K.L.:
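One structure, pasted below without further comment.
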Amino acid sequence: MRKLSVAEGKVLWDKFVPHKQVWTDDWDIRVALCKEYGYDLLILYDGKNFFPLQFEPENGYYTLMSGATAEKNYLTFDPEFMKKTKDIPENIYFDFLDTSFDGCVEGLCPQFFVDITGINNVNEFIKRFSKKHQKNFKHAYKKFGKYSFVKKGNYKELEAFNIATFEDKSGFVTEESTCYNILDNDSRTEYWSIIKDEETAFILQYFFYGKTMSVCVWGANEKYKDSLKVAFTESILLAKSRGCTRIDYAPTYSGWKFLYHLDTAPLWRYKRGTIPDAVDSADYEIPPAERTKLKAKGRI
């Protein structure tokens, strides 16, 4: 196999992943993430099989470029070749694969999204709710009262709201803030806010890529209850106005994603060699007891 430069890797990535959806489908963003975390890249190609890898010294294994930050990973290689060849490292952990093959196990969390191809507004979406939940949703939205939804806000304002909302679990307290900061400097990123009574009630960071609008991170003013319902409603309308067919909500567990009946798709992982047990207890996973209940109900 031949080692490639970052520039050579980009050409192959765009060939193997032509239909990009989520923000981590962008090669330059993946490279930026690797650089921010200080990881060494190992980009290999043999004329057919493409392995854009990074080495994570704290874990002692290689993963696909951008690691656990990636929202979805694609097969850019023949799985059987990958399992037999000695030309790639032994210790590998490939997470968030969108395709399963022999040796894969289902990942710790599915992909969460909303397919809005046939949905024009929130009332059409919440038909999937129970009648009681539909009624409660509509009542809370109406009770919220007058507001405006505007392209407004910035990284620092969002950071403050998010930390107030999630405290020590906030992505701005952990290393996830790295990706939010990279997105902040990208022209495809937009900040939108719910303004009520002349103050910000809710703020979101969106990323527009092809036909997908990714909801990257958000924060709420605790003074305004039920602002998430308003934000969800406005997100559908904004995505439709931009010609999007999908709203991405990331493969990270949050109870509201199941409460709101978001669409899901399984993601897969493959590991070989010496992999620490800690990777099976990631922060983004569905809690084991909750996972058992959801599987029994056919929700995942």
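This structure is a prediction, so every number in the text was calculated from the model and none was measured.
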K.L.:
Could you tell me how the ring of W256 sits relative to the ring of F232: parallel (under 30°), tilted (30 to 60°) or perpendicular (over 60°)?
P.N.:
perpendicular
K.L.:
Closer than 4.0 angstrom, basic N to acidic O: yes or no for K293 and E290?
P.N.:
no
K.L.:
Below 4.5 Å, heavy atoms only, C-beta onward: do F101 and M82 meet side chain to side chain?
P.N.:
yes
K.L.:
Could you give me the CA-CA distance, side-chain angles and deciding distance for D102 and K83, then say whether salt bridge (charged side-chain N to carboxylate O under 4.0 Å, His left out) is met?
P.N.:
CA-CA 10 Å; D102 183 44; K83 289 188 287 183; 3.5 Å; yes
K.L.:
L12 versus T76: any side-chain heavy-atom pair under 4.5 Å?
P.N.:
no
K.L.:
Check whether any side-chain N or O of S193 sits under 3.5 Å from a backbone N or O of I203 as a donor-acceptor pair, and report yes or no.
P.N.:
no
K.L.:
Please report the closest heavy-atom contact between D263 and V114, naming both atoms and the distance.
P.N.:
OD2-CA, 3.4 Å
K.L.:
Above 12 or not: heavy atoms from other molecules or residues under 6.0 Å from CD of E124?
P.N.:
yes
K.L.:
Is it the case that the ring center of F113 lies less than 6.0 angstrom away from the ring center of Y249?
P.N.:
no
K.L.:
Looking at side-chain heavy atoms only, is the closest gap between T233 and Y141 below 4.5 Å?
P.N.:
yes
K.L.:
So which atom in C216 and which in L183 form the shortest heavy-atom distance, rounded to 0.1 Å?
P.N.:
SG-CD1, 3.6 Å
K.L.:
Given I247 and K240, is the side chain to side chain contact (heavy atoms under 4.5 Å, CB included) satisfied, shown in steps?
P.N.:
CA-CA 10 Å; I247 304 175; K240 293 297 290 190; over 6 Å; no
K.L.:
Looking at E190 and R242, is any side-chain nitrogen of the basic one under 4.0 Å from a carboxylate oxygen of the acidic one?
P.N.:
yes
K.L.:
L158 and G219: which non-hydrogen atoms are nearest, and at how many Å?
P.N.:
CD1-N, 3.5 Å
K.L.:
Taking D40 first and then K35, would you say they form a salt bridge - that is, a charged N and a carboxylate O separated by under 4.0 Å?
P.N.:
no
K.L.:
Charged N to carboxylate O under 4.0 angstrom, E285 versus R291?
P.N.:
no
K.L.:
Before giving the answer on side chain to side chain contact (heavy atoms under 4.5 Å, CB included), spell out for L53 and I43 the whole-Å C-alpha distance, their side-chain angles and the decisive distance to 0.1 Å.
P.N.:
CA-CA 6 Å; L53 306 175; I43 306 171; over 6 Å; no
K.L.:
Using atom types as modelled and distance alone, determine if a side-chain donor or acceptor of N59 lies under 3.5 Å from a backbone N or O of Y61.
P.N.:
no
K.L.:
Among all residues two or more places apart in sequence or in another chain, which pass the ring pair (Phe, Tyr, Trp, His ring centres under 6.0 Å) test with F208?
P.N.:
none
K.L.:
If the threshold is 4.0 Å, N to carboxylate O, is there a salt bridge linking E8 and K3?
P.N.:
no
K.L.:
Side-chain contact test, heavy atoms from C-beta onward, threshold under 4.5 Å: evaluate it for F16 versus Y74 and give yes or no.
P.N.:
no
K.L.:
Is D95 paired with K271 through a side-chain N to carboxylate O contact shorter than 4.0 Å?
P.N.:
no
K.L.:
Pair S235, Y206 - check side-chain hydrogen bond (donor to acceptor under 3.5 Å, both in side chains), show working.
P.N.:
CA-CA 9 Å; S235 292; Y206 293 118; 2.6 Å; yes
K.L.:
So, K15 side chain and K10 main chain: donor-acceptor pair closer than 3.5 Å or not?
P.N.:
no
K.L.:
Working note: Y224 + E199, criterion side-chain hydrogen bond (donor to acceptor under 3.5 Å, both in side chains); need CA distance, chi angles, decisive distance, verdict.
P.N.:
CA-CA 10 Å; Y224 297 100; E199 62 180 329; 2.6 Å; yes
K.L.:
Going by the angle between their ring planes, with limits at 30° and 60°, are H133 and H261 parallel, tilted or perpendicular?
P.N.:
tilted
K.L.:
Can you see which heavy atom on K72 is nearest to which on T24, and at what distance?
P.N.:
N-OG1, 4.1 Å
K.L.:
Kindly write out the residues that satisfy ring pair (Phe, Tyr, Trp, His ring centres under 6.0 Å) with Y191, not counting sequence neighbours, or none if the list is empty.
P.N.:
none
K.L.:
Are any side-chain N or O atoms of Q54 and backbone N or O atoms of L42, one a donor and one an acceptor, separated by less than 3.5 Å?
P.N.:
no
K.L.:
Is T200 close to N221 at the side-chain level, that is, under 4.5 Å between some pair of heavy atoms?
P.N.:
no
K.L.:
Residues two or more places apart in sequence or in another chain: which of them pass side chain to side chain contact (heavy atoms under 4.5 Å, CB included) with K20?
P.N.:
W13, D14, V17, D25, Y209
K.L.:
Does one side chain, of W23 or E71, offer a donor that lies under 3.5 Å from an acceptor on the other?
P.N.:
yes
K.L.:
Is there a side-chain contact between F144 and K229 (heavy atoms, below 4.5 Å)?
P.N.:
no
K.L.:
What is the minimum heavy-atom distance between P52 and W27, and which atoms define it?
P.N.:
CB-CZ3, 3.9 Å
K.L.:
Q134 side chain to F129 main-chain N or O, any donor-acceptor pair under 3.5 Å?
P.N.:
yes
K.L.:
Before we go on, tell me: are the rings of F77 and F94 under 6.0 Å apart, centre to centre?
P.N.:
yes
K.L.:
I need the single residue from T264, D98, D248 that forms a side chain to side chain donor-acceptor pair (under 3.5 Å) with Q111. Which is it?
P.N.:
D248
K.L.:
Are any side-chain N or O atoms of R269 and backbone N or O atoms of E106, one a donor and one an acceptor, separated by less than 3.5 Å?
P.N.:
yes
K.L.:
Counting only N and O atoms by type, is there a donor-acceptor contact under 3.5 Å from the side chain of T245 to the main-chain atoms of T117?
P.N.:
no
K.L.:
Hey, does the side chain of N185 reach the backbone of N181 with a donor-acceptor pair shorter than 3.5 angstrom?
P.N.:
yes
K.L.:
Measure from the side-chain N and O atoms of T292 to the backbone N and O of P288, and report whether any donor-acceptor pair falls under 3.5 Å.
P.N.:
yes
K.L.:
Can you label the angle between the Y45 ring and the F50 ring as parallel, tilted or perpendicular, going by 30° and 60°?
P.N.:
perpendicular
K.L.:
Going through the checks in order, is the side chain to side chain contact (heavy atoms under 4.5 Å, CB included) test met by I182 and C179?
P.N.:
CA-CA 5 Å; I182 288 173; C179 66; 5.5 Å; no
K.L.:
Do you know which two heavy atoms are closest between L41 and C34, and how far apart they sit?
P.N.:
CD2-SG, 3.5 Å
K.L.:
Please test N49 against D46 for side-chain hydrogen bond (donor to acceptor under 3.5 Å, both in side chains), starting from the C-alpha separation and ending with a verdict.
P.N.:
CA-CA 6 Å; N49 299 282; D46 68 349; 3.1 Å; yes
K.L.:
Determine whether a donor-acceptor pair (N or O, by modelled atom type, separation under 3.5 Å) exists between the side chain of K257 and the backbone of A250.
P.N.:
yes
K.L.:
Test side-chain hydrogen bond (donor to acceptor under 3.5 Å, both in side chains) on Y39 and E58; report intermediate values, then the result.
P.N.:
CA-CA 10 Å; Y39 293 146; E58 70 273 26; 2.4 Å; yes
K.L.:
Working to the nearest 0.5 Å, report the span between OG1 of T189 and CD of Q205.
P.N.:
5.5 Å
K.L.:
Going from CE on M213 to CG on L204, what distance comes out if it is rounded to the nearest 0.5 angstrom?
P.N.:
8.0 Å
K.L.:
So, applying ring pair (Phe, Tyr, Trp, His ring centres under 6.0 Å) with Y284, which one of Y253, F96, F112 is it?
P.N.:
F96
K.L.:
With heavy-atom distances below 4.5 Å as the criterion, would you say the side chains of L44 and R2 are in contact?
P.N.:
no
K.L.:
With a 4.5 Å cut-off on side-chain heavy atoms, are K143 and D226 touching?
P.N.:
no
K.L.:
Assess whether side chain to side chain contact (heavy atoms under 4.5 Å, CB included) is satisfied between F51 and L64, documenting all intermediate values.
P.N.:
CA-CA 7 Å; F51 294 93; L64 292 168; 5.6 Å; no
